[in-house]
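Everything below concerns the one structure shown next.
The sequence lines fix the lettering, A, B, ..., with proteins before strands; numbering per chain opens at 1.
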Protein chains: 2
Amino acid sequence: MSTKNKILDAAESLFADKGFNGTSLREITSQAEVNLAAVNYHFGSKKELIKAVMSRYMNELSPRLESALTQICEKESPSLIEVFSAFIDPLLSLNEFKVNGTSNFLQLLGRGYTDSQGFLRWFLTTQYPGVIDNFIIAVQKAYPELSAEEMFWRLHFTMGTVVFTMSSSDALIDIAMSDFERELQISDVIRNVIPYVAAGVGAPMPVAPKS
Amino acid sequence: MSTKNKILDAAESLFADKGFNGTSLREITSQAEVNLAAVNYHFGSKKELIKAVMSRYMNELSPRLESALTQICEKESPSLIEVFSAFIDPLLSLNEFKVNGTSNFLQLLGRGYTDSQGFLRWFLTTQYPGVIDNFIIAVQKAYPELSAEEMFWRLHFTMGTVVFTMSSSDALIDIAMSDFERELQISDVIRNVIPYVAAGVGAPMPVAPKS
DNA sequence: AAGCAGTTTAAACAAGCGTTTAAAATAACG
DNA sequence: CGTTATTTTAAACGCTTGTTTAAACTGCTT
């Protein structure tokens, strides 16, 4: 395994656990068993390392996600459940690409939205605009009556639900397993969250109260 | 204004903006125009300062929230919309208690859940258990068919939606105002999120797929 | 074998962090 | 007024951070 990949792997799991700001380069290089200076040699800076960690996932995920959503759009009248279910297979495919792939990626996504004052949000929306565009088109096709403004808010709510849930999924799964005494995996959480967000996005348009 | 309160005010707005870990004591004392050592003199440590900032809000909010939820529970068959709407007045009352009260508090709540590895989650659930208990009872009364396990997940999804949305509410409001060319406030976001979470929690029980 | 590009290494750098100290300033009380 | 208490202050503490440096080492080509 190359030094570069050892760093990426260590950084990924530590970032997911403790956040970007909460993880030092010394922790990363120590867990990766490489020299401290290797990060700046191979990546230039910590910020570039963060981008590299995210890119490794996004380059794998983004084409699968785009094609799955495009496929949904070709249907006559897709349901919201179908739209959101389009995420399942691409996300779970990350588990084959890397151990703990789904979990780590979604945790990282959550970190990126709250750490570092939205620089990762900028990174994703500018580097991978196709995903969010396709997603909006699919939702529009499934629920054409939804106004642009309601759509805006509900998609952000959905993002919040998923990102927050997955960033603490390990803890939630532990609690749920001991409370309800049955085996649970990340895929069960995904299956649970889909009816929730689909119903949320599909909620009837409220009667506008003039502010 | 006392030194203690100057520190609390400065810490509050900086914590909301940049997170707990992302804000240094030097930034706080500089904005508060007090000496650096004043934090450790009046609060003992940075961790205690964080608790003090949160307590100032929770002591104001918690009794109002509990009584609003209790009131809902007394109804014959409350709707989920009613349950979630019970949060509006207590939350908006924070704006009279302090300028930007709602916004800052909900942002802080979001920070606390992602920063600092859940120490604030511990703080809230142990120090203010009445709020979450009353909330669960109200939801149970509004949707008795919901199984305990579904309830568990959907309440966490809801927590994620609200906390995540509010922690980035300023950025979202800015985007929405420029995109849709109209004035928006934090209260509009709250009014928007309620139909979403109510529909999410109220989603029909899925037909259990044996894992 | 010599030279060279690519990589790794230990050491140091300046800057920022939370916290502590002891002296100076202020307030409170007999 | 004089004497305690309380609060504020400047300075330093030890430690961690991301980054840089220059020397050592590696594997490959000529």
- Note on the structure: A:Y41 OH to D:dG18 C1', in whole Å, measures 19 Å
- Query: Which of residues 49-56 of chain A have a heavy atom under 4.0 Å from DNA chain C?
  - Reply: none
- Item | Salt bridge present between B:K18 and B:E27 (N-O < 4.0 angstrom) | yes
- Criterion side chain to side chain contact (heavy atoms under 4.5 Å, CB included) against A:V139, the qualifying member of A:T158, A:L80, A:I72: A:L80
- Message: Go nucleotide by nucleotide along DNA chain D from the 5' end; which of B:E33 and A:L25 gets its closest nucleotide reached first?
- Response: B:E33
- Item | Residues in salt bridge (charged side-chain N to carboxylate O under 4.0 Å, His left out) contact with B:R56, at least two apart in sequence or another chain | B:D9, B:E12
With the criterion being N/O to N/O and under 3.5 Å, what pairs connect the protein with nucleotides 10-15 of chain D, and how long is each?
none

- Closest-nucleotide ordering on DNA chain D, the 5'-leading residue of B:A38 and A:K47: B:A38
- Spacing of B:F15 atom CZ relative to C:dG18 atom C1', expressed in whole Å: 12 Å
- Message: With salt bridge (Lys or Arg N to Asp or Glu O under 4.0 Å) as the criterion, how do A:E149 and B:R182 come out once you've worked through the C-alpha distance, each side chain's angles and the decisive distance to 0.1 Å?
- Response: CA-CA 11 Å; A:E149 191 170 346; B:R182 65 192 206 89; 3.1 Å; yes
- Query: Is the centre of the B:F84 ring less than 6.0 Å from the centre of the B:F135 ring?
  - Reply: yes
- Query: With a 4.0 Å cut-off on heavy atoms, is B:T23 in touch with a base, just the backbone sugar-phosphate, or nothing at all?
  - Reply: sugar-phosphate
- Query: Would one find a side-chain N or O of B:S45 under 4.0 angstrom from OP1 or OP2 of C:dG18?
  - Reply: no
- Query: Can the ring centres of A:F164 and B:F157 be said to be less than 6.0 Å apart?
  - Reply: no
- Query: Could you state the CG-P distance from B:N40 to D:dT7, rounded to the nearest angstrom?
  - Reply: 15 Å
